[in-house]
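Structure record follows, encoded as structure tokens.
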Amino acid sequence: MNIVVPVKLVPDLVEDLEIDESGITLDTSWLRLILNEVDEHALEQALLLKEAHGGTASVISLDGEGVDDVLFSSAAKGVDHLIKLTGLEFGDDLNNHAVARLYGAIVERLEPELVLIGVQAHNDLDGSLGPLLAEYVGMPYVGYVSGITVTDGKCRVLKEYPGGLIAEMDVVLPAVLGVQAAEAPPRYVAISRIRQAMKTVSLDEQAAADPDSGGGPTIDSMFKPETGERATMIAGDEEEVAAKIVDLLGELGKV
Amino acid sequence: MEYHTAKSIVVVVLLLVSLAVFGLRVYRLLGANLRRGQPNPPFGSWGERLWGVIKFVGGQWRLFRFPAPGIAHFIIFWGFLALVLTILQAIIEGLVAFSNPEFVLPVVGSFGPLALLQDLFATLVVVAVVYALHLRLIVRRQRFEGSHKAQAVMVLLFILAIVVSLQVIAGIRIEAGEDTLAVWRPIATAVGALFAGLSASAMEVIEETAYWTHLAVVLAFLTELPGGKHFHVVTSIPAVLLRNLDPPGRLPPAPEFDGEVGVSSIEQYRRRQMLDFYTCTECGRCQEVCPAHASGLPLSPKLLMMNLRDNLIQSGEARRDERRDGAVLEKELVGDVISDEVLWACVTCFACDQECPLFIEHVTPIVDMRRHLVMEGRMDGMLQEAMANLGRYGNSFGQSERSRAKWTRVIDGKVKDARREPVEYLWFVGDYASYNSAITDVTRTTAEVFRHAELDFGLMFDAERNAGNDVRRVGEEGLFEMLTEANTVALEKCEFQTIVTTDPHTYNVLKIEYPPEVIGQRSVLHYSELLDQMLSDGRLQLRRGLGYRVTYHDPCYLGRYNGVYDAPRRIIEATGCDLIEMPRSGDRALCCGAGGGRIWMEEGETGERPAIMRVKEAAALAGVDTLVVTCPKDLVMFRDAAKSSGYADRLAVRDLIELVAEAL
């Protein structure tokens with residue numbers, strides 16, 4: 001079974017986000033990128049399926065700071081094929097529509113049975129990448145997947161719904177699945193394995209086509225969350241804050 | 001056939017059979033099995049090694065850390081040596097019985113003072129053996145749990161039988177007037193008196209019975225010796241001779257096989273380590289002092305050694321005869337023989353290694369196997385997250401390196417950036433002191449004290465990374481190398497004379513494990529050493545006597561690993577506090593439970609945590625209301641323990657620097 005995992009790097013929230021002077025995008029000078037958290041689950045699920053059924057796993061990523069590390073660490077985990085799209089970078093003015101088109105072209109060439117992708121990312125301003133990609137490559141899409149069983153070329157998935165409901169559904173392959181959680185927590189890969197991969201594995205660098213952001217919304221302005229008039233910000237250390245919350249709940253008659 | 005001729009023949013046969021069995025067993029264990037191991041690094045320092053054998057084997061030095069059992073063992077050991085000649089006499093006597101039934105060893109057999117010594121030792125050995133039996137069977141100390149009791153008791157009874165039969169033989173000969181050294185053997189004379197009045201033939205029967213008992217037990221002991229813990233009689237000398245002489249804080253280089261770091265099968269251990277496995281006497285001193293064991297975690301350093309030894313022996317047997325016990329070979333060393341939980345339980349506090357009378361290393365083989373677990377990604381979620389954070393941000397907190405020196409923002413005036421201007425002291429702050437919001441106040445206090453003493457110091461700010469001590473002990477060698485490289489690059493940019501740190505773990509790794517070219521001739525000081533220097537040369541003066549009654553906890557990586565015990569105590573004294581020691585202090589201090597990466601792991605099913613035991617130990621001291629610590633992790637662990645066990649009102653957990661600041 002051949003599986004492709006297109007991944008996305010997103011701003012790392014350990015750094016404070018600043019808005020660019022233009023007011024419509026993030027200031028990239030302080031930005032630092034990290035692999036989208038659920039993409040790690042998509043990758044893990046791909047490795048689990050590969051281990052169970054054989055085949056190959058490929059990862060596709062746009063270029064950007066830290067992308068090589070992400071790719072080599074996936075190789076150290078067991079991914080066979082590392083594809084890096086060069087010429088464009090995460091952080092460039094690319095929305096998910098554009099990324100989906102770029103990834104879609106590669107996916108079509110690879111002809112996988114399964115495309116596993118993180119179901120969402122915190123910077124999805126124009127919808128999540130999975131359904132867009134599925135549309136461009138003409139495959140069915142199921143999102144919020146937390147379990148995948150493959151038998152005889154057929155695929156049964158567990159899809160999570162709000163409120164704890166879980167549906168079991170059959171999906172015709174090839175398909176794009178938006179993974180919410182892998183069946184096992186993403187594995188740890190020792191640094192020495194990553195370093196080994198850096199020495200022995202090569203990146204398949206492919207020039208990215210011209211990006212097409214068409215179909216996405218236009219951003220007029222971006223701003224940080226504002227304190228609402230009715231909101232009260234409680235200052236102080238943990239103990240003080242906790243005490244004030246208890247007082248407030250008391251005043252409101254909730255406790 | 002005449003009795004004496006028959007005696008000689010039987011003795012010859014028995015002796016040859018026993019020696020053959022003994023020789024074959026020893027060959028299999030020390031010849032065939034050890035060859036399966038990895039070569040040792042060159043040893044060197046033979047003078048120090050030989051002196052170690054004299055002190056620790058001959059002098060039994062470390063055994064006296066447990067005084068009464070230590071003395072008992074000392075007596076049995078030396079008694080055995082003193083009686084070797086007597087045993088030899090008995091064997092040769094049998095061998096030559098056909099021609100000279102009255103054979104006596106030349107010189108030694110007629111040397112009175114030696115006879116007296118043997119007579120006294122024989123008696124002392126009986127007392128010591130009875131005491132040892134009492135410990136095993138009646139007191140049943142916790143440390144013996146899991147040891148082979150039947151085997152231990154059997155060997156004690158062997159020794160008893162050997163010595164008693166010897167005294168019976170000697171006694172009867174004295175009673176029969178056959179011993180010219182009778183006056184030198186008062187105890188044997190008394191034993192002989194028990195048989196007074198018996199006929200000569202009855203005495204002869206008793207004497208010969210005693211003789212055969214003596215010989216049979218000696219030879220049984222000989223053949224049994226390589227079968228278990230008593231093999232240490234043979235292996236302890238090479239084990240102590242070839243012991244690791246490196247500082248305890250320096251782990252040997254990580255073993256690597258085909259690109260796989262760590263140890264995943266018994267053959268991947270070095271031969272000297274294998275010798276350790278054989279040398280374990282199952283005395284359980286390690287188990288008694290192990291904080292993981294005490295808190296109910298599945299680790300016992302003793303059982304670890306026994307399991308490694310059993311696996312080494314059984315896999316050797318299985319390899320020799322594949323039809324037999326092939327299942328042993330299918331067991332994975334890491335996982336089946338030694339479980340993941342056992343390996344992750346270790347806090348690397350070094351108490352076990354330090355307590356072992358025969359210098360068996362436990363921490364190193366544990367870390368070797370952990371390295372394999374890390375390669376396999378077998379670790380709990382919390383540890384995995386900590387490792388990922390350390391890899392990405394250089395700290396376990398998962399915060400940006402840019403906020404590493406955030407704590408400096410609220411102190412007056414700028415702290416020097418050692419990357420930009422030369423400083424005398426480079427302060428390597430460490431993760432906990434930098435990021436843990438509960439203790440950054442203490443970090444600021446340290447800065448204030450340094451300022452007060454007009455110390456020329458600076459930081460590396462966001463270029464500092466976790467120094468890697470515990471990363472290495474978790475077994476993530478690649479990450480350790482990465483952190484070391486990052487810190488090396490940063491340190492090379494700085495101009496300084498001395499590194500100072502408040503964190504004993506950082507202190508250990510920088511001082512002992514970093515490549516020597518990084519630190520060079522410059523010294524690495526724990527802040528307690530620096531404060532001690534400044535107090536003695538007058539750079540720091542304390543004006544107020546505080547008058548508290550306090551106790552002090554020795555951090556593992558400062559005390560046991562690096563021998564710094566006095567500096568913090570002198571500072572406490574200088575603050576005018578009354579220092580009351582806990583029952584376990586100095587090199588016997590109980591670990592707080594955070595070391596070796598445990599602070600990053602899920603606690604798992606435990607009984608009372610080591611930190612809580614320690615807080616209770618401190619709180620039980622009359623009039624003591626403050627537990628003084630010199631390690632940021634201790635501060636976190638003990639404050640938390642004091643709160644969760646309800647001792648927070650009675651016992652304040654304070655950093656040494658807080659006392660100093662108060663006494664300024």
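Proteins come first, then strands; the chains are lettered A, B, ... in the order of their sequence lines, and each starts at number 1. All values reported here derive from a predicted model rather than from experimental measurement.
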Open item on the list: Could you go through B:Glu485 and A:Arg195, starting from their C-alpha distance and side-chain angles, then the distance that decides it, and tell me whether this counts as salt bridge (charged side-chain N to carboxylate O under 4.0 Å, His left out)?
Closed with: CA-CA 14 Å; B:Glu485 284 159 20; A:Arg195 288 189 163 188; 2.9 Å; yes

Open item on the list: When you compare the side chains of B:Asn395 and B:Asn466, does any donor N or O come within less than 3.5 Å of an acceptor on the partner?
Closed with: no

- [ ] Can you tell which part of A:Ile194 gets under 4.5 Å to a heavy atom of chain B, answering side chain, backbone, both or neither?
- [x] neither

Open item on the list: Looking at chain B, which one of A:Asp69, A:Val189, A:Leu33, A:Asp237 has the largest number of heavy-atom pairs inside 4.5 Å, strictly under?
Closed with: A:Leu33

- [ ] Would you tell me whether B:Ser400 and A:Glu15 have side-chain atoms, one donor and one acceptor, within less than 3.5 Å of each other?
- [x] yes

- [ ] State which residue, out of A:Asp39, A:Val179, A:Val4, A:Val145, fulfils the side-chain contact (heavy atoms from CB on, under 4.5 Å) condition with A:Leu116.
- [x] A:Val179

Task: Atom group of B:Val261 that falls short of 4.5 Å from chain A, counting heavy atoms - done: side chain

Task: For chain B, the option from A:Arg187, A:Gln196, A:Arg32 that forms the most heavy-atom pairs under 4.5 Å - done: A:Arg32

- [ ] Assess the side chains of A:Lys8 and A:Asn96: does a donor N or O sit below 3.5 Å from an acceptor N or O?
- [x] yes

Task: Any donor-acceptor N or O pair under 3.5 Å, side chains A:Asp20, A:Thr25 - done: no

Task: Contact origin within B:Arg378 toward chain A - heavy atom pairs under 4.5 Å - done: neither

Task: Most chain A-contacting option - heavy-atom pairs closer than 4.5 Å, from B:Glu385, B:Met482, B:Arg402 - done: B:Arg402

Task: Side chain, backbone, both or neither of B:Glu476 within contact of chain A (heavy atoms, under 4.5 Å) - done: side chain

